[in-house]
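Notes follow once the structure below has been shown.
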Number of protein chains: 2
Amino acid sequence: MKLNDRAETLLRTLVELYINEGQPVGSRTLARQLKLNLSPATVRNVMSDLEDLGLIHSPHTSAGRIPTQEGYRFFVDSLLRIKPLEQITLEEMQDKFSNESDPQLLLTKASELLSQVTHFAGVVLIPGQRSSLFRQIEFVRLASQRVLTILITDDGRVQNRVIPTDRSYAASELVEAANFFNQVYAGTSLADVRRGLLKEMQKDSDEMHRITATALAVAGKLFDDEDDGGDAVMLSGEENLLNVPDLCQIEKLQKLFDAFKTKQDLLDLLDRSMKVSGISIFIGGESGYRSLDDCSVVMAPYDHDGEIIGTVGVIGPTRMSYEEVIPVVDVTARLLSGALSTSSDRLE
Amino acid sequence: MKLNDRAETLLRTLVELYINEGQPVGSRTLARQLKLNLSPATVRNVMSDLEDLGLIHSPHTSAGRIPTQEGYRFFVDSLLRIKPLEQITLEEMQDKFSNESDPQLLLTKASELLSQVTHFAGVVLIPGQRSSLFRQIEFVRLASQRVLTILITDDGRVQNRVIPTDRSYAASELVEAANFFNQVYAGTSLADVRRGLLKEMQKDSDEMHRITATALAVAGKLFDDEDDGGDAVMLSGEENLLNVPDLCQIEKLQKLFDAFKTKQDLLDLLDRSMKVSGISIFIGGESGYRSLDDCSVVMAPYDHDGEIIGTVGVIGPTRMSYEEVIPVVDVTARLLSGALSTSSDRLE
DNA sequence: CTTGGCACTCGGATAAGCGGAGTGCTAATG
DNA sequence: CATTAGCACTCCGCTTATCCGAGTGCCAAG
């Protein structure tokens, strides 16, 4: 789509005004705001053209115009003037990430940060373990037939799980089994560990080494269940959305919170954005998920040592200040990537 | 407070009607519903008395009556006829708890259960570790100066934490240190462990055994921070409250969700109910926390081997069906207590 | 004590009227 | 030909008036 300069400034000003005020913008207001010394009548003519193009529309005959979904899209793609982050905000954000090396907590903090700074909801796609590499496993005997397994992956994440076993294992057996794992599988992907285990299991148990058998018995279940992806979504600041005037209708909020509970739609959406480099923006119904019809989502992938492993984002009303939210999401993704990398640099 | 039989049945019927319909109850409706063949005029007289006693009131002159906070209180204390749980619901609830022995997950499930069954918000007070006994600690070397500590308490809870250390420790040193801990402190309370550590630290480091020094250096920080209580509140099904007609005003929801975020009020409230045995019910403003003015909270403590360690509850509108919610909370507390005890029976 | 009757009150729904903001069209202008 | 002033028109939101129904309180009779 191509617009002449005047139409572009006009549309930009209109969208900016509407984002700030939340009221349909009329020709008089727009003419006054515009520095071009145009009469309201001229502005009306241009607005009429923009309406024909489907970029703006009137809620009713005698109201001003508001951007359509396509209008927002054009605005975001072609007209947006990104505001640089305020120095203070930037420092606050950096503070939040410093002195923290636990990857789990880093993700939590990222999500909180996004919601605090934007006053909308922050969201983080937590990568499943599919792609992470096996680093270390430990078994701790809890009771006669219960073993605590602690799985550590190369990205520094720790996961523990209590596993019921068929028979009782001595502490020494468990140590042997753990050593076996740590030597054989260190550095391979979890999926490969799983494949390896499956292969072992197919062997006749007679010819199996005692230690291998123990390892299999204890950790088999762990990897059985664990490989089903395990991607998860973390949300913060949902309550901020209650304060957003555009969403003040209970039904809209219900739809939204329903989506927050099931999380599937969010997961799909964030996952899609992981495939793309740079910021992804879904405006209103663009995402295709009805529950997000009244919302926009701004997302950016984050990486760990250069490999993209997840996404951070903000969910807010379609009428949000994209010029402010985009840099926040962008910077958060960068800071998070940085924090994750340095935290694992400190791993050896 | 003493009422004659007729006034009691009348009040009970009024409250039940109002809880079911949500509309102020007029004399005609009440007379019809009542099986006493009273005329509306008589009912009006009785209602007038009840109003003088502060148990009911009219929102305005020509509306019916609705219960006051005191009216609900009297109803709950003296008039309530608890409905036994439906067999199916009971089985569903039992199902939810069976096949789960991880205490953390049990608490999550309890909270979810409460919200699912009642269609309000479920809440669980998660006991801090102050009272739990030390069972076992493990150190895992993550990087040259980072050690993963895994703390297991006697109630089966597992907590892990990455601790930065001043110098690098060899795996063997860590094993020794862990053994030291596990032998010296097994079965003592975490608070005592902390006291023990402090005492050790006061000794001149020269005369300290090498292993003790390692143990101190690695785990000192863990117990430093960890003893600050750590009680926590877990919430589920907040979104259910969006569907409650009595709370459909955005401001009320805002107050409520604000309280959900900070959690302090909830924590205090649940903590109070832990001191009491049996069901606690706070109606409307009774709790004293303004954020819960429009809500009632039904709570019951749960225990682990007879010792009360936490509380489960439901947060809903004041106009809730107490006769249904109370047994749900009660049964959940019992089931949870049972599940926690059997899960630790299986510990040795 | 109970009841029927009756005047009274109040909220909610409906309709009417009004002012303001904004539009679209037309004709005049540079 | 783009721009502009003028003007009739539309529609929303607000206020006011009206009416109806539900419910009350009180009184006098049973």
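In the text below, chain A, chain B and the rest are named by the order of the sequence lines, each starting its count at 1.
- B/R44 contributes a side-chain N or O that forms a donor-acceptor pair with the base of D/dG25 under 3.5 Å.
- Contact between the side-chain N/O atoms of B/S62 and the OP1/OP2 oxygens of D/dA22 is not found at any separation under 4.0 Å.
- Judged by closest nucleotide on DNA chain C, B/N45 is the one of B/N45 and A/V25 placed further toward the 5' end.
- Side-chain contact check for B/S236 and B/S111: at least one donor-acceptor pair (N or O, by modelled atom type) lies under 3.5 Å.
- In this structure, A/S27 reaches the C/dT23 phosphate: one of its side-chain N or O atoms is under 4.0 Å from OP1 or OP2.
- At the heavy-atom level, A/A41 lies under 4.0 Å from base atoms of the strands shown.
- A/N20 and A/E16 share no donor-acceptor pair across their side chains, judged by distance under 3.5 Å alone.
- The closest side-chain donor-acceptor pair between A/Y72 and A/S296, if any, does not fall under 3.5 angstrom.
- In terms of phosphate contacts, B/S39 brings a side-chain nitrogen or oxygen within less than 4.0 Å of OP1 or OP2 of C/dT3.
- Listed nucleotides D/dG25, D/dC12, C/dT23 differ in distance to A/H60; the shortest reach to its side chain belongs to D/dC12.
- Between the side chain of B/T61 and the base of C/dC10 there is no donor-acceptor pair of N/O atoms closer than 3.5 Å.
- A donor-acceptor pair shorter than 3.5 Å cannot be found between the side chains of B/D258 and B/Q254.
- Not a single donor-acceptor pair, N or O on each side, falls under 3.5 Å between the base of C/dG24 and the side chain of A/R65.
- When the C1' atom of D/dC26 is taken as reference, atom CD of B/E51 falls 15 Å away, rounded to whole Å.
- OP1 or OP2 of D/dT3 has at least one side-chain nitrogen or oxygen of A/R6 nearer than 4.0 Å.
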